[in-house]
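I have placed the structure first, in the form of structure tokens, so that the comments after it can refer back to it.
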Amino acid sequence: MRTSQYLLGTMKETPADAEVISHQLMLRAGMVRKVASGLYTWTPTGLRVLRKVEQVVREEMEKAGAIEVLMPMVQPADLWEESGRWHDYGPELLRIKDRHNRDFVLGPTHEEVISELVRKEINSYKQLPLNLFQIQTKFRDEIRPRFGVMRSREFIMKDAYSFHTTQESLEDTYKTMFDAYCNIFNRLGLDFRPVIADTGSIGGNMSHEFHVLASSGEDDIAFSDSSDYAANVELAEAVAIADEPLAATQAMEKIATPEAKTIKALVEQFDINIESTVKTLIVHAADTTAKDTKAPANAPAKLVALIIRGDHELNEIKAAKHSAVASPLVFASDEEIRAAVGAGPGSLGPVNLTMPVIIDRAVASMSDFAAGANEEGFHFFGINWNRDVALPEVADLRNVRAGDASPDGKGTLNIARGIEVGHIFQLGTKYSEAMKAGVLNEDGKNQSLIMGCYGIGVSRIVAAAIEQNNDANGIIWPTAMAPYQVCILPMNMHKSARVQEVAEKLYAELKAAGVEVLFDDRKERPGVMFADMELIGIPHTIVIGERNLDEQAVEYKNRRSGEKETLKIADVLARVQSA
RNA sequence: CGGCGAUUAGCGCAGCUUGGUAGCGCACUUGGUUUGGGUCCAAGGGGUCGCAGGUUCAAAUCCUGCAUCGCCGACCA
């Protein structure tokens, strides 16, 4: 491609609304343009990269035995009513009507459509297992699209769905997909980690997310420093710090703490360790247990107290999963707390608290600790379980932190930010039962299909790769993703017939050899050309100038290493192909 | 959905407090100059100042409403 006939669209300045580096560089390098919030046009350079990712994904999926299909983006509401998600999905599902006033949705995912296909096409266990995938545009009406194509409303996803009659078969395919995903991300040159993930509302017994490690990621990943254990922090188990509390050494005493409304203030004013304090958080109780509470009759909502150590953070997902706690988690308001306890947040604690209490594992092993007295402006110091207050129910309620013991017993945890680029899970029969997708098994009996589902955020990978591969001059593409492998930069071509001749010849030679080459034939100054090609991130640059032509040589420059070497013109093709 | 902020040329911004009919840098066009890392000089083109009302002799500027975009939070497969 000649730049003079191309839509380059590079920019020197960064648009003000681009926050993360990948978004800034994608705009500056002329890869995408925003059409509306969360909606982007892929311009030529960006589209080439997107196609590269798609192709790697497609090849590895096929290698792993999956077969490609293409399902519609617009889907009839009937199918969603059948699965129950027409009502369950919420406002992220964009619902539209056609001219006949019939309901449709813009597909955020395709379980319904694929189940519908398979229940018609598959009648016998002999046709299984089957793994179908597509690379398709999805639409999720995100509340807050951000970071460019990293979290957009319309995006490209590879989704695959496998169908089985036995759990063993599902597990086989799941393992195959796990390996295929590792191959894909390795081929794309990404630094990634598979992590144990939430099976969530979808159920099933196994799920992994694949995260590209990057500081701009939206998820926190906990991983062991000495084993393969890795999990989303939302899920990572916080193991008990000690089995038994130390023996009590202090008597419990009530202290006036009128100025200590926060843990921080308490710690500073009374010179105590934050590890010897606890936080008491009041949340709404689940309806099923509400009848048993002793909350005052006039309290509108039944409440539960959750207690964690002063320096720990509540994990809201873990808390909401507890059977006594309302899901989703709802924090009690100031008024609710005062009505129930008689004191406000900042003076709460386990002693004399008249509501169910659940304490974190770390809290269970504390002794001589401080907590609010449930009386405005007072705290108890030197509290000990059993002696001063009965030990409440213990649960895992907190977020793990760097330095915590790994739940698998090997090593300690580190925490890193990750961008979720893939997610695989074993669905089970949730959709096949709802959608009545079954086959006759070997015994001649009808059986619901067991499903697996495997997603990759194709467009998100482009952004994630840039997050990991950039410098002050722009993008540094991994070879597999580069829009062009080589660029030819002729110095002052319009003044030198020799330079032009060599450039044209080299361009033709590389093209003929199947190398993706961008020939910068603009009448631009060298600095402009260098800057643009580095911004776009093309791995290999060939500089042609009078300087080297007497020796029949040109200069080669590597984008990633920055290393330069002088090459004979005849050796350029081999050099580029060997890289 | 709540809080905060923004909206002036393709991009980045100033002007608004104190009302007088719009400017800077980059980009673009033309001429010259320069030519191995975003040259320099000169001359140009381009804006219903987000939209709709209101106040005023006069509104980018003051007031009201709306829209869009963004940030924080909440939410979320």
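A quick note: this is a predicted structure, and the numbers were derived from the prediction, not measured. Numbered from 1 within each chain, the chains take letters A, B, ... in sequence-line order.
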By the 4.0 Å heavy-atom rule, please label [X] as base, sugar-phosphate, or nothing.
X: A:Lys34; result: sugar-phosphate
X: A:Glu534; result: base
X: A:Ala16; result: sugar-phosphate
X: A:Met11; result: nothing
X: A:Lys523; result: nothing
X: A:Thr109; result: nothing
X: A:Asn548; result: base
X: A:Arg33; result: nothing
X: A:Glu19; result: sugar-phosphate

Requested in this report: Using atom types as modelled and distance alone, determine if a side-chain donor or acceptor of A:Arg560 lies under 3.5 Å from a backbone N or O of A:Ile476.
Outcome: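 Pair found, side chain donor or acceptor close to backbone of A:Ile476.
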
Query raised in the report: Taking the side chain from A:Arg460 and the backbone from A:Phe155, do they hold a donor-acceptor pair closer than 3.5 Å?
Result: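 Looks like no, no N/O pair under 3.5 Å.
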
When the [atom1] atoms of [N] and [M] are considered, how many whole Å apart are they?
N: B:rC40; M: B:rG47; atom1: C1'; answer: 29 Å
N: B:rA59; M: B:rU64; atom1: C1'; answer: 15 Å
N: B:rC41; M: B:rG25; atom1: P; answer: 11 Å
N: B:rG44; M: B:rA6; atom1: P; answer: 36 Å
N: B:rC49; M: B:rG15; atom1: C1'; answer: 11 Å
N: B:rC26; M: B:rG45; atom1: C1'; answer: 16 Å
N: B:rG53; M: B:rA67; atom1: C1'; answer: 14 Å

Counting only side-chain N and O atoms of [X], is one of them less than 4.0 Å from OP1 or OP2 of [N]?
X: A:Arg144; N: B:rC71; result: yes
X: A:Ser37; N: B:rG70; result: yes
X: A:Arg525; N: B:rU39; result: yes

Give the rounded distance in Å between these two atoms: [atom1] of [X] and [atom2] of [N].
X: A:Lys12; N: B:rC11; atom1: NZ; atom2: C1'; answer: 12 Å
X: A:Arg559; N: B:rG37; atom1: CZ; atom2: P; answer: 17 Å
X: A:Arg153; N: B:rC69; atom1: CZ; atom2: P; answer: 7 Å
X: A:Ile143; N: B:rA77; atom1: CD1; atom2: P; answer: 10 Å
X: A:Arg140; N: B:rC76; atom1: CZ; atom2: P; answer: 14 Å
X: A:Leu27; N: B:rG70; atom1: CG; atom2: C1'; answer: 14 Å

Query - A:Asp532 vs A:His494, nearer the 5' end of RNA chain B by closest nucleotide - result: A:His494

Query raised in the report: Going through the distances and angles, do A:Glu534 and A:Lys557 end up as a salt bridge (Lys or Arg N to Asp or Glu O under 4.0 Å)?
Result: CA-CA 11 Å; A:Glu534 280 166 10; A:Lys557 186 175 181 188; 3.4 Å; yes

Requested in this report: Please evaluate the base of B:rG25 for a donor-acceptor partner in the side chain of A:Glu13 within a cut-off of under 3.5 Å?
Outcome: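 When only heavy-atom distances are counted, A:Glu13 does reach the base of B:rG25 through a donor-acceptor pair under 3.5 Å.
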
Query raised in the report: Under 3.5 Å, is there an N or O donor on one side and an acceptor on the other linking the side chain of A:Glu209 and the base of B:rA77?
Result: yes

Query raised in the report: Side-chain donor-acceptor pair under 3.5 Å between A:Ser22 and A:Glu467, yes or no?
Result: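 Checked: A:Ser22/A:Glu467 side chains pair up, N/O donor to acceptor below 3.5 Å.
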
Among [options], find the nucleotide with the atom closest to the side chain of [X].
X: A:Arg146; options: B:rG37, B:rA77, B:rC72; answer: B:rC72
X: A:Glu92; options: B:rC26, B:rC76, B:rG36; answer: B:rC76
X: A:Val528; options: B:rG38, B:rC71, B:rC13; answer: B:rG38
X: A:Asp17; options: B:rG37, B:rC76, B:rC69; answer: B:rC69

**Report entry** From A:Phe425, A:Tyr454, A:Phe210, residue fulfilling ring-ring contact (aromatic ring centres under 6.0 Å, His included) relative to A:Phe178
**Finding:** A:Phe210

Query raised in the report: Going through the distances and angles, do A:Ser83 and A:Glu112 end up as a side chain to side chain donor-acceptor pair (under 3.5 Å)?
Result: CA-CA 7 Å; A:Ser83 72; A:Glu112 282 79 3; 2.6 Å; yes

Query raised in the report: Does any nucleotide pair with B:rU29 by Watson-Crick or G-U wobble geometry, both distances under 3.5 Å, and what is it?
Result: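 Answer to the pairing question: B:rA43, which forms a Watson-Crick or G-U pair with B:rU29.
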
Query - Six-ring centre of A:Phe139, A:Arg153 cation under 6.0 angstrom, axis tolerance 45° - result: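 Negative - A:Arg153 is either too far from the ring of A:Phe139 or too far off its axis.
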
